[in-house]
Structures are given as C-alpha cells and as structure tokens.
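Heavy atoms only: backbone and side chains are in, while hydrogens, waters and symmetry mates are out. Numbered from 1 within each chain, the chains take letters A, B, ... in sequence-line order.
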There are 2 protein chains.
Amino acid sequence: MPKPAPARRVTAADIAQAVGVSRATVGFVLNNTPGQTISEGTRTRVREAAARLGYRPNKAATALAGGRSRIVLLMLPDWPADFSMRTYLEEASRALDEAGYSLVTQTHSAARMARPLWEALNPDVVVGWARFEDQDVASMRAAGITRIVPGPDAQVPLDEAPGVGDGARLQVDHLYDLGHRRLAFAAAADPRIADLVGARASAAQDRAVIRGAELRDVRAVGDAACSAAEAVRAWHEAGVTGIVAYNDEVAAALVGAAVRAGLRVPQDLAVIGHDDSPLAALFVPSLSSVRMDAVRAGRFLAEVALREAEGRPLSPLRYEPDTRLVVRESTAAGAAAGIDEAGADDA
Amino acid sequence: MPKPAPARRVTAADIAQAVGVSRATVGFVLNNTPGQTISEGTRTRVREAAARLGYRPNKAATALAGGRSRIVLLMLPDWPADFSMRTYLEEASRALDEAGYSLVTQTHSAARMARPLWEALNPDVVVGWARFEDQDVASMRAAGITRIVPGPDAQVPLDEAPGVGDGARLQVDHLYDLGHRRLAFAAAADPRIADLVGARASAAQDRAVIRGAELRDVRAVGDAACSAAEAVRAWHEAGVTGIVAYNDEVAAALVGAAVRAGLRVPQDLAVIGHDDSPLAALFVPSLSSVRMDAVRAGRFLAEVALREAEGRPLSPLRYEPDTRLVVRESTAAGAAAGIDEAGADDA
DNA sequence: CTGCGGAACTAGCACGCGCAAGCAGCTCAG
DNA sequence: CTGAGCTGCTTGCGCGTGCTAGTTCCGCAG
C-alpha cells in the first residue's frame with residue numbers, strides 16, 4: 001500500500017477531477033441547479049463519482065457561500081423533556097430532515113452564555129415556544145438572524161395560542177361533568193416555567209367561569225412535600241373538591257399528600273394531571289390526565305419552521321391540536337360523594 | 001433619515017474601514033493572535049469599533065477558514081432528559097462555553113436521518129456515552145470528523161466505565177446491609193436503553209456475588225401495568241425480598257404493583273430505585289434511590305471534550321463520581337421482617 | 001460562407017475569515 | 001554608512017461552495 005488515504009476530506013474539486021469536468025458542473029449536478037443544461041451522461045458520471053468517493057459537502061462552506069445553513073434552532077423552555085416532548089421533537093426533526101433541514105434544540109438555561117447557540121450555529125430560523133426577550137432578539141439580530149418565531153412583536157398571548165389552553169379546558173370540563181363545582185388550580189413552583197403555568201391557569205379559570213364553576217385559588221406546589229400537604233389542607237378546608245394540576249408531577253404530589261392526610265382520592269378530593277406521563281399510570285391511585293398528540297404538534301413545528309425559513313407566509317397555517325382526556329382512578333366517575341348539594345343550581 | 005441600516009451584517013472589513021487599518025489587523029487584534037505586534041492604541045481602537053458596531057464574527061467563515069467550528073456535539077441515548085440530566089448538560093454547556101466552545105446535544109433517535117447532525121454542524125468533537133456503531137463512525141469520518149469519544153476501538157466495557165456501575169453497587173450494598181439476601185434486578189423494557197440497563201444489571205450481579213448475596217433474576221418491567229404485577233408475583237414466590245430497580249420509574253411501577261397485590265413495602269418487598277428523580281420523593285411509599293453528582297459529571301464531560309478538541313491526551317484524566325444513597329420508605333431500615341433466618345450464614 | 005441559437009459546459013468572483021509572508025520605517029551595533 | 005533586527009503594520013492567498021457571466025461547439029437556416 002502506498003498510503004491508505006490522504007486523510008483529507010473529499011471536495012467537489014476532487015469529483016470534478018475524477019470525472020474530468022469543471023467544479024461548477026459538479027455543483028450544478030449535485031444541487032440540481034435549475035436553468036442549467038447538463039447531459040444525462042455527465043450527470044450520471046458525476047453522481048457516481050460522488051458516491052464512490054464518499055463526497056459530503058462542507059457545510060461551513062455551503063453556509064458561507066449560500067448564506068443559508070439549513071439549520072433550525074429550537075429554543076425550549078427549561079422544563080423536563082418528558083416522553084411526549086421527545087416524540088414531539090423526534091417528529092419535528094424527522095419532518096425537517098426530509099425537507100433538508102436539521103433541527104437543533106437547546107433548553108434555555110438561565111445562565112446566559114458568552115456565546116449563545118444561535119451565534120455559533122448560524123441558523124436560518126430560531127423558533128421558540130414563547131416570545132423571546134428583547135435582549136435575546138437583539139443578540140440574534142446582531143448574529144445576522146432575521147427569521148425569528150414567534151416574532152418579537154407577536155400579538156397572541158400565550159394562553160390563547162392554539163393548543164396551550166386546550167388541556168386545561170378539558171381538565172375543567174371533566175371535573176365539572178363529574179359534579180365538582182369548587183375547583184382549584186395547582187401550579188408548579190418552578191419559576192422557569194411560570195409562563196406556561198400561568199397560561200394554563202388562566203385558561204382553566206376562564207373555562208370555569210364559562211361552565212359556571214368556581215376556580216379562584218391558584219396555588220403553587222413545589223418539590224417540598226410540605227407545600228403539597230399545606231395546599232391540600234387549605235383546599236379541603238375551603239370546600240374544594242376538584243383540583244386541576246399543571247402537570248402529572250404536581251398532581252402526584254397532591255395525591256400523595258392527600259393520601260398521607262387521610263383523604264380519599266377521588267371521593268374526598270379529585271385530582272387531574274396534565275401530559276399523561278408514564279408516572280400517571282403507575283401512581284397509586286393512578287392519575288387521570290390529559291394527553292396531547294405530540295406527533296401532530298411536531299409536524300406543526302416543522303411546517304412553521306420551514307415556511308419561515310423559505311420566506312413563505314405563516315398565516316393560512318392553523319394548528320389543530322388533538323388533546324384527549326385520559327380518565328383514571330384519581331377522578332373516577334361515580335366516586336365523587338357529598339358534593340351533589342353544591343352543584344345543583346345549574347343544568 | 002436616509003436609511004436606518006443596510007440590514008447587512010457587520011464584518012471585519014467594516015471595522016477595518018472604520019478604524020483605518022487593514023482587515024488583517026482587525027483579525028489579529030480580536031483573536032489576540034500570538035506573534036503579532038500591534039500597538040496598544042490600535043488594539044483599543046479596533047476593539048472599540050467592534051463593540052460599537054456590534055461585530056459578531058461569521059461562524060461559517062471562521063469554521064471554513066480555521067478548520068474548526070468550536071462546536072462539541074453530544075449524542076445522548078434516547079432516554080428521558082430528567083432533571084439530573086438537565087443539570088449535567090447545563091454544567092457541561094457552561095464549562096464549554098467558558099472555554100469558547102458550544103455544546104449541542106441530540107438524543108439519538110432510532111430513525112436514521114438523511115443528514116445526521118454531525119454532518120450539518122461540522123463539530124470538532126463528537127462525544128457519546130457508549131461506543132458508536134461502525135456505521136455512524138464511518139459517517140462521521142466521511143463528514144471529516146476525526147475526534148470521536150469514546151473512540152471506535154474503546155476497550156473499556158460500559159459496566160466497568162467509571163460511574164456507570166457505582167449506583168448499582170450502592171443499591172446492592174444497601175439492601176444487603178438491611179439483611180436482604182435474595183435479590184432481583186428489575187430492568188426497563190425499553191430497548192433503546194438496553195446497553196445501560198445491562199451494564200447496571202451486571203454491575204449489580206457482580207456486587208451481589210462479592211457480598212455473598214444472590215441476584216440472579218433479571219426481569220424487564222415495561223410500561224404495561226401487568227408486567228410489573230407479574231414480576232412482583234414471580235419474585236415474591238421465589239422468596240426475593242429486595243429489588244434493585246434500574247431507575248425510579250421502574251421502582252415506582254413495582255412498588256405500585258406490590259401495593260395493589262397486597263404486599264407491604266418494605267416489609268414484604270424492599271425496592272430501591274436509581275437517579276433520585278423528583279417522583280421518588282412523591283411516591284407513596286416514598287422511594288429509596290441513588291443520586292449522582294450531575295454537576296461533577298457535567299464538568300467531566302466538558303473536560304474530556306475540551307482535551308479531545310485540542311488534541312490533548314485524555315489518559316491522566318480520571319472521573320471520580322460522587323454517588324450517594326438516598327434512603328426513604330421503600331427500603332426503610334428495621335422494617336425488613338422475616339428475612340433474618342435467610343441471611344445468618346455470613347458476617 | 002455566414003449568422004444564429006441552443007446545448008453543454010467553464011472561468012472566475014464572492015462569501016468572511018485566518019494566517020503566512022512581506023514591507024516600510026526606525027534603532028543601533030560595527 | 002551599512003545592514004541586521006525590531007516594531008507595526010499590509011498584501012494576499014486559501015478554505016469549499018454557489019452562482020453569474022461567459023465560452024465553445026455544433027447543427028442548421030439563409
């Protein structure tokens with residue numbers, strides 16, 4: 001053997017030399033550049049040589065020359081990437097990959113980096129779940145990023161954004177239909193997700209008003225066991241019989257606290273969670289919850305990112321979430337005793 | 001106003017023009033290029049102009065010219081990014097940012113992408129938790145990536161890698177010290193994490209042999225409630241009194257099944273989880289678990305990636321994990337009744 | 001024989017930056 | 001007075017690709 005390989009990457013010039021054409025031709029063939037007439041024979045020979053040599057275009061050069069990196073950066077809030085989130089991301093990633101884009105996600109940590117990821121990656125689009133802070137927007141602008149979703153002047157508040165409040169409305173409806181009229185909302189104490197928690201809480205409150213139930217008390221339940229116990233005690237004393245929890249973890253904490261306090265779930269206190277995490281089914285008693293169609297949400301994200309990347313309008317696009325109730329023991333029907341007298345005043 | 005801004009990104013040439021020096025000088029100043037003598041006055045003026053104009057170097061151009069992207073790609077297995085993982089990633093990200101690198105993570109999905117992320121990002125280093133498949137290594141090679149950790153011919157098996165088996169050993173020791181002699185390992189059914197599950201299982205088995213306990217039955221517990229019930233029944237019939245669970249979720253499923261089957265936890269069956277997820281403290285009974293120091297692990301990852309990126313040797317680096325037992329109700333001391341006769345034959 | 005138009009390419013610039021090489025001006029030993 | 005050595009810069013190439021503006025060849029009508 002004279003030398004196994006030059007350990008140098010294969011470039012378009014190598015293909016050009018191997019085939020005996022110019023580098024431009026190679027580019028035209030491999031990119032299917034419209035407006036160029038290249039004979040079928042040449043096309044074939046170029047493609048074969050590319051495959052044979054294992055050509056991978058240098059993305060840094062592509063990005064520099066073309067001005068597009070074909071990267072979509074998704075900034076996620078700092079909450080757990082549970083299993084439905086993973087499905088969501090996987091689907092979005094798959095859909096974008098099909099369109100020739102790569103999805104990169106980062107969970108936005110509180111500590112501000114010296115070099116934010118959008119600066120390092122040069123993404124074509126930055127997508128977030130909530131509006132970005134002005135500081136971040138300015139940083140993106142300086143990094144040459146013009147396509148930001150949601151735009152810096154998005155007008156829709158988070159709790160009215162499609163999909164965000166649907167789960168909360170289902171939760172309220174479910175408890176109402178079981179006869180509960182005094183409800184409370186159990187928020188998560190984690191400040192990092194305050195936006196989403198607040199959005200779900202206000203969606204729940206609005207729904208309660210519409211249905212004619214009472215949902216005033218919004219209380220944060222932290223990781224500390226005592227806070228859950230305290231909340232359960234206060235709610236029970238106030239005559240609350242149904243609790244809308246921000247997510248399954250909060251619901252679990254409350255159910256645990258209720259059981260420890262000697263309350264029966266769901267007879268004395270019904271609790272419904274959100275997200276249908278695996279934990280919900282395992283808990284004793286098992287937790288009712290709300291599940292969202294992560295695949296559909298992922299596809300929606302991909303579509304939004306693609307349209308933005310290619311400068312197509314987002315407007316005709318509408319997200320139709322598929323949110324479903326998952327009823328389990330923690331809100332079992334027929335078990336809500338002693339609350340009939342409270343809810344007899346309306347149809 | 002004649003026109004607010006050309007909407008064009010600020011380049012080094014703009015700074016050069018503003019200051020009245022050549023573009024090279026700008027580069028030398030901003031990169032602190034060694035071996036160049038630039039007067040302090042010029043340095044200051046360049047830096048001021050850069051700040052004033054909001055200069056952000058184009059990373060695509062930097063990567064192309066310098067051959068380094070200063071990106072570290074971490075490929076994670078497809079398991080949940082729970083809260084300790086997030087701490088881990090955050091710390092690693094912070095440490096790398098300090099050194100001028102960006103950390104990008106991707107959870108390796110089963111579906112193979114048309115364009116893997118390492119191709120799109122051109123990272124200097126790709127780091128994984130387990131050895132990469134040959135196919136992936138080949139793909140990285142073709143994309144011009146030479147620095148891969150662990151190397152394609154890493155010799156240390158996963159269960160002997162520092163940190164991987166420590167938790168399992170602690171779990172076994174804990175149950176042993178409580179008097180349990182017949183143990184079982186509860187694996188997770190998810191095939192995506194089979195490697196890690198297997199590594200923990202074999203570490204647990206080895207430890208049990210060393211201590212003189214019996215741990216033979218390794219059984220997968222899936223999401224379906226029936227599989228947990230079935231496993232609990234089989235183990236209880238076989239006289240197993242202590243269960244080492246792969247993680248807290250599996251532990252929760254087992255404890256739930258045991259309670260439903262009328263067994264007392266921990267009196268009839270002690271269960272210890274792994275990872276100390278928030279769920280562990282909330283469950284009723286609360287779950288004993290094992291917690292690892294995610295901050296330390298994150299720093300270790302960053303250090304490994306940095307050394308590899310800069311071509312420094314990894315060898316003198318040693319990971320000293322800080323793995324600790326968290327004892328809760330599911331293995332409460334003194335509650336293990338009726339097993340004393342089984343464990344009287346050794347010191 | 002000339003002109004023309006289309007097919008099938010090629011030459012070469014631009015992208016923004018890192019960095020090697022070079023060059024003017026000055027100082028100072030010999 | 002020369003030239004070696006230093007400071008403080010500038011010129012310019014190269015990275016690999018996209019893409020515009022050609023150029024060559026060739027068939028065919030006039």
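When each of L64(B) and R43(B) is assigned the nucleotide of DNA chain D bearing its nearest heavy atom, the one mapping closer to the 5' terminus is R43(B).
Distances shown here put a side-chain N or O of T42(A) below 4.0 Å from the OP1 or OP2 atom of dC9(C). Applying the 4.0 Å criterion to OP1 and OP2 of dA7(C), one finds that T37(A) has every side-chain N and O outside that range. Phosphate contact (OP1/OP2 of dG18(C), side-chain N/O of N31(B), threshold under 4.0 Å): present. Checking the phosphate oxygens (OP1, OP2) of dC9(C), a side-chain nitrogen or oxygen of S39(A) falls inside 4.0 Å. Contact annotation: T25(B) side-chain N/O to dT10(D) OP1/OP2 distance is under 4.0 Å.
Within the 4.0 angstrom heavy-atom criterion, base atoms lie near A24(B).
Rounded to whole Å, atom C1' of dC17(C) lies 12 Å from atom CZ of R68(B). Atom-to-atom, CD1 of I38(B) to P of dG18(C) comes out at 14 Å; the value is rounded to the nearest Å. Here the C1' atom of nucleotide dC15(C) and the CG atom of D14(B) are 13 Å apart, to the nearest Å. For F28(A) and dT17(D), the CZ to C1' distance is 11 Å, given to the nearest whole Å. Protein atom CG of N58(A) is 17 Å distant from nucleotide atom P of dC17(C), rounded to whole Å. Atom NZ of K59(A) is separated from atom P of dG18(D) by 8 Å (rounded to the nearest Å). Put simply, CD1 on I15(A) is 12 Å from C1' on dT17(D), counting in whole angstrom units. With rounding to whole Å, L30(A) atom CG is found 16 Å from dG16(D) atom P.
Taking the charged nitrogens against the carboxylate oxygens, E303(A) and R312(A) do have a contact shorter than 4.0 Å, which makes a salt bridge. Between R94(B) and E98(B), at least one side-chain nitrogen of the basic residue sits less than 4.0 Å from a carboxylate oxygen of the acidic one, meeting the salt-bridge criterion.
Minimum atom distance to the side chain of A65(A) is reached by dC15(C), of the listed dC15(D), dC15(C), dG18(C). Considering only side-chain atoms of Q36(A), the nucleotide from dC9(C), dT17(D), dT10(D) that sits closest is dC9(C). Which of dA8(C), dT17(D), dG16(C) sits closest to the side chain of A61(B) comes down to dG16(C).
Under the 3.5 Å distance criterion, with hydrogens and angles disregarded, no donor-acceptor pair is assigned to the side chains of R70(B) and S102(B). T44(A) and R47(A) are not linked by any side-chain donor-acceptor pair at a separation below 3.5 angstrom, with hydrogens and angles left out of the test. In this model, a donor atom of one side chain and an acceptor atom of the other lie less than 3.5 Å apart for S69(B) and D124(B).
Judged by distance alone with a 3.5 Å cut-off, a donor-acceptor contact links the side chain of R23(B) to the base of dG18(C).
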